[in-house]
Amino acid sequence: MAIKQFKAESKRLLDLMINSIYTHQEIFLRELISNASDAIDKLYYRTLSDGDTGLNREDFSISIVPDKEARTLTIADNGCGMTKEELENNLGTIAKSGSLNFKKENEPKEDIEIIGQFGVGFYSAFMVAEKVTVMSRAFGAEEAWKWESKGAEGYTMEPCEMQERGTRIILALKPNTDENNYDEFLDTYRLKELVRKYSDYIRYPIRMDVEKSRMIEGTDKDAEGKYKTPEYETYTENEVLNSMVPLWRKNKSEITQEEYNQFYKDKFHDFSDPLLVIHSSTEGTATYNALLFIPSQAPFDYYSRDYEKGLQLYSNGVMIMQKCADLLPDYFSFVRGLVDSQDLSLNISREMLQHDRQLKLIAGRLEKKIKSELESLLNHNREKYETFFKNFGLQLKYGIYADYGMHKDLLQDLLLFYSSSEKKLVTFKEYVSRMKEDQKYIYYACGETVERIDLLPQTEALKEKGYEILYLTDNVDEFALRMMMKYGEKEFRSVSADDLGLETEEEKKEAAKQVEENKDLLAFLKDSLEGKVKAVILSQKLKSHPVCLSTEGAISMEMEKVLNSMPMPEGGEKVQAQRVLEINAGHPIFQKLCALYAAGDKDRTAKYAKLLYNQALLIEGVSVEDPLAFSNDICDLMVEG
Ligand code: ADP
């Protein structure tokens, strides 16, 4: 029999398939089942529109037949089938399907990636089979045809016998190798697993004869009625492997919380129930169903590089991608779940998918939906929201900081920070609603823990005025707030900033006078700190404490700590906040400094300046540069005293 040649593109793709080292060969089954389902769809629609085919939905099915002896796997359907011409046209050339943008200049490596993600339909059979036989009888036709191919050199066609309409695809599996055990595709257990994994929601039953074992009735008891080891027999049951109706296509009102929870745990391998379920269906410009979950705990690798975000992507009930990253923004990367689109083509390539308008549209909708669901949780179930925030709040804060603050509007109302006055987590909105009439800024303070921040001397004056302060304990916090700059009209201001905007004009004048009077002393103190501080000033924010540090410019003490704790490129320099030593003019220590300086005791004045500076560092949670000198200075004082 004459061997016919494949068209050029098909040949190339076949080469790839045959020599595929791709590890997800198993997707061939999904592809063939999906083709079978399409073929049934075609006939079923004809049934619906013509109404005279005499067929019902229940008449259709797909069957899988593994034959261990012959080492063949058959996938059969009773769909529309193919005529001789259709067989040649459809299977003789791949360009037909058109959905695979097969660029000639592509490197083979990339091609394999495409195959891995989406498969290329029928041809994927050659990843596991050394010979593929397709027998088909078109609906309404008397004759059947057999197409057969061993791969790239071509295919043959001949008439054959078939009792019923439809298509049978017989795969003669490749011999096993060290790397690949093709026998796994003859194992009923494995086949069941694959159908459930990839084709569970195909709308027609996928059937397979499964061998089972049962107890022979009455063999568990002896003649006297005593229990004994029973006898078993094997029998064959024609089992439907797929569930056919996807949960996400069902009406919300028909689904119990328990069903959602079970589905989530099975599908996403979590031991705990999800914290939140978001089930939404949309029609119109984008028609899709989405079933999303927020886990109740951050996965152990969540904040590591290993974590991969993404949603499962289905096209009309057929899974086309395990983790579609483009469906989720980074700040919502904790969301798990799936999207089933009615508008996406099954064989769309990954590159095309990235630019797909539908996908972008869906991603945009999902983002809004996730946000509004979180907001509603925040408003209606604060306790649950706080659990969520404890696990994933950090990711939202990174989201604010990322992309130059682009997502600020979307995310800012989802943030929580500990409040000095409320003693619990609060939102910016709540903070602003409580702001005093004369309060200019939203104040925040940074530190390792709430307890430590609460002791910072810088917070004294603000607290005395009854102003609320947000306590920032995560590294990213201050960066995020700096990126935001404002919430609504209100600017953020660190308690360590040089100007807290507290004084009246009158007080400012008074302060300026005081500085003028002590100009020489302050200059001397600064000099004696040998370049460690940008300035020594008289503080407006201290009440009972003698000293504190504040900073000028863009970098705060907290940011200095964070930035310097990060890995640095070779030759990189540590950053330094521009420190300002603030002294409380109302504290007896300042009188002491004035007295010493006036008496001309420069040595001791300088020593005190260093001691005060080191104390300020310690309060700030920064270690002193020379602890030994610091300790000696204190001992000297004790001895003198
Ligand atoms: P695609 O499914 O993307 O069109 P395939 O290479 O998988 O690409 O299949 C090519 C064509 O072969 C299909 O479009 C369909 O017309 C036909 N075909 C494949 N499998 C079957 C089947 N089981 N029954 C009827 N036609 C089929």
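These numbers come from a predicted model, not from an experiment. Whatever order the structure lists ligands and atoms in, that order sets their numbers, starting from 1.
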Option whose closest heavy atom lies nearest to atom 20 (N) of ligand 1, chosen from N78, L32, N35, N89: N35

Out of K42, R168, E86, whose heavy atom is nearest to atom 15 (C) of ligand 1? K42

Does the residue E31 have a heavy-atom contact with ligand 1, meaning some pair of atoms that are separated by less than 4.0 Å? no

Y264 and R336: which non-hydrogen atoms are nearest, and at how many Å? OH-NH1, 3.2 Å

Minimum heavy-atom separation for S296 to N391, with atom names?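 Where S296 meets N391 most closely, the heavy atoms are O-ND2, 3.2 Å.
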
Have Y198 and E31 got a donor and an acceptor in their side chains that come within less than 3.5 Å? no

Rounded distance (nearest 0.5 Å) linking atom OG1 of T72 with atom CG of L186: 7.5 Å

Side chain or backbone, does [X] bring an N or O within less than 3.5 Å of an N or O on ligand 1?
| X | result |
| --- | --- |
| Y123 | no |
| F122 | yes |
| D38 | no |

Near A39 (heavy-atom distance under 4.0 Å), the atoms of ligand 1 are 22 (C), 24 (N), 25 (C)

Test salt bridge (charged side-chain N to carboxylate O under 4.0 Å, His left out) applied to K371 and D413, step by step: CA-CA 10 Å; K371 186 208 164 175; D413 286 320; 5.6 Å; no

